[in-house]
2 protein chains.
Amino acid sequence: MSLTDKQSASLLAIDPKLPMAPQIYGNIRQSILNLRLAPKQALSEKELALMLGVSRTPVREALIKLAEDGLVDIFPQRGTFVAPIRVSEVLEAQFIREALEMSVVARVAELSDPVAIARLHESLARQKRAVDHSDLDGFLAEDENFHFILSVSVNLTRAWKVIQNVKGQLDRVRVLSLPEPGQLAALYEQHLAIVNAIEAGNSSAAKRHMAKHLQQVFRTIESLLAKRAEIFD
Amino acid sequence: MSLTDKQSASLLAIDPKLPMAPQIYGNIRQSILNLRLAPKQALSEKELALMLGVSRTPVREALIKLAEDGLVDIFPQRGTFVAPIRVSEVLEAQFIREALEMSVVARVAELSDPVAIARLHESLARQKRAVDHSDLDGFLAEDENFHFILSVSVNLTRAWKVIQNVKGQLDRVRVLSLPEPGQLAALYEQHLAIVNAIEAGNSSAAKRHMAKHLQQVFRTIESLLAKRAEIFD
DNA sequence: ATTGACATATTACCATGGTAGTATATCTGA
DNA sequence: TCAGATATACTACCATGGTAATATGTCAAT
């Protein structure tokens, strides 16, 4: 199927004053993560450039970065395709994220910075509102922000970049399971437990709750493998 | 100072049959890591392309990737420069590497795969030879391989990529301290302790030795900050 | 001597054309 | 009907030219 058929609406928001390559990257990335661009869908430089109203060069740069994220596969002289969801890569992304975020949250608990804790509580309040309104997109954005606050509060911006990169593989799986009832509330409760452990300065409890939180993905994969086999490779 | 003056010899090994951008990336990266390209040195697309006998496009792609690694700073419409060694980024790279490699080595110890253990012993033997011959470059290559074996033996190739990326920040510091006498032998002993813990299936001991091993960088930074202040920012 | 305005040079960024390599469709021969 | 050869279309990759933004050097005015 051609890209143009299904995609023309969402990919048009490019501000010509700002650097184009990062905008294009974010644009395509979002479309891949929410599965509007399906796994194995072909992505041609030329067609994307035409749709976005830019030249092929910044599109190419965006695709290269997506390939490093493992979200697209580039086959030289053959084509570029949205990467299928590979279970092994999802599990590895989970491994990396868990290793990093457990170390991060331990450090946050050790420092026990009041400003950071206040920010986390503000985030929790916004999450609660999203849960109560069943605002899925709002919750997802705030979930991202919650984990961002954790890393940045202990000055680990590079670690956050790594987490964010591998998180792409996980988000693509999670978006398939989150609409199920009760999921959002469960995630909120886990975040709350993490913050409570941080506030108590209990780093080992913080790590334990974080691990439990992140390992949600295992249950998700299991149930999806049966239902949506076609999007896996 | 111009690039052309000091760099013409080392940057010329480009094979035109293979994709150029990755070759250029590795080429420049190596030169930055061994400090032949000094921190704050200007790198212009045009000049690098001229020296390497290629066009500016693949050079640009290589520089973008190096910027993501934090090894160069790109200032749009102003110039691209070798990044100064920023202590905060070195420490964060250390944090990330430690979090990941401790989780990796724990998994290696839990699996206790005989093939992996054999490979690690072979690597140790090569390291021993390099130490006995005071072969610095040989040891560095085998050190890289040793850590590579750990990740790959438990199928964590993406984790290895992340480790390798952040390791750049650490290598640039380490290359300044490694020629000191006794350093190589100490690293070998630490590798040996790690393998022994793995062989015993003792994952917590493996983690402990790995942490001690990696934290060598703290002592290095301390001694360098005094002696070579000009390469820090 | 110092400051401000202006001209020049240099930069990264984007657009676009050319090329070698690969897949697919079409044709040929049995 | 089907296998193999050929032509066509498509791809990512590289080369190169144009452009707006920034830095630097020059010179006049005070």
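Letters A, B, ... mirror the listed sequences (proteins, then strands); counts begin at 1.
- Taking atom CZ on F81(B) and atom C1' on dT22(D), their separation rounds to 11 Å, with Å as the unit.
- Put simply, the side chain of L35(A) does not reach to within 4.5 Å of the side chain of S31(A), judged on heavy atoms.
- Stacking of K65(B) on the aromatic ring of Y25(B) is recorded, both the 6.0 Å distance cut-off and the 45° axial limit being met.
- Separating the CG atom of L48(A) from the C1' atom of dC10(D) is a distance of 15 Å, rounded to the nearest angstrom.
- Distance alone, capped at 3.5 Å, is enough to place a donor-acceptor pair between the D15(A) side chain and the K17(A) backbone.
- For the pair K167(A) and E144(A), the salt-bridge criterion is met [side-chain N within less than 4.0 Å of a carboxylate O].
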Please write out each protein N/O paired with an N/O of nucleotides 12-15 of chain D under 3.5 Å, distance rounded to 0.1 Å.
{"residue": "dA12(D)", "atom": "OP1", "partner": "L43(A)", "partner atom": "O", "Å": "3.4"}
{"residue": "dA12(D)", "atom": "OP1", "partner": "T80(A)", "partner atom": "N", "Å": "3.1"}
{"residue": "dA12(D)", "atom": "OP1", "partner": "T80(A)", "partner atom": "OG1", "Å": "2.9"}
{"residue": "dA12(D)", "atom": "OP2", "partner": "E45(A)", "partner atom": "N", "Å": "3.4"}
{"residue": "dA12(D)", "atom": "O4'", "partner": "Q77(A)", "partner atom": "N", "Å": "3.1"}
{"residue": "dA12(D)", "atom": "N3", "partner": "Q77(A)", "partner atom": "NE2", "Å": "3.0"}
{"residue": "dC13(D)", "atom": "OP2", "partner": "R60(A)", "partner atom": "NH1", "Å": "2.4"}
{"residue": "dC13(D)", "atom": "O5'", "partner": "R60(A)", "partner atom": "NH1", "Å": "3.4"}
{"residue": "dC13(D)", "atom": "N4", "partner": "R56(A)", "partner atom": "NH2", "Å": "3.4"}
{"residue": "dC14(D)", "atom": "OP1", "partner": "M20(B)", "partner atom": "N", "Å": "2.6"}
{"residue": "dA15(D)", "atom": "OP2", "partner": "S55(B)", "partner atom": "N", "Å": "2.5"}
{"residue": "dA15(D)", "atom": "OP2", "partner": "S55(B)", "partner atom": "OG", "Å": "2.5"}
{"residue": "dA15(D)", "atom": "O5'", "partner": "S55(B)", "partner atom": "OG", "Å": "3.3"}
{"residue": "dA15(D)", "atom": "N7", "partner": "T57(B)", "partner atom": "OG1", "Å": "3.0"}

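- When side chains are defined from C-beta on, L50(B) does not count as touching K46(B), because their heavy atoms never get closer than 4.5 Å.
- Nucleotide dC13(C) holds its C1' atom 12 Å from the CD1 atom of I24(A), rounded to whole Å.
- E142(B) and S123(B) share a side-chain donor-acceptor pair at under 3.5 Å.
- R174(A) places a side-chain heavy atom less than 4.5 Å from the side chain of D143(A).
- The NE2 atom of H213(B) lies 13.0 Å from the CE atom of M102(B); values are rounded to the nearest 0.5 Å.
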For DNA chain C, the dot-bracket pattern of Watson-Crick and G-U pairs whose distances stay under 3.5 Å, | for other-strand partners: ||||||||||||||||||||||||||||||

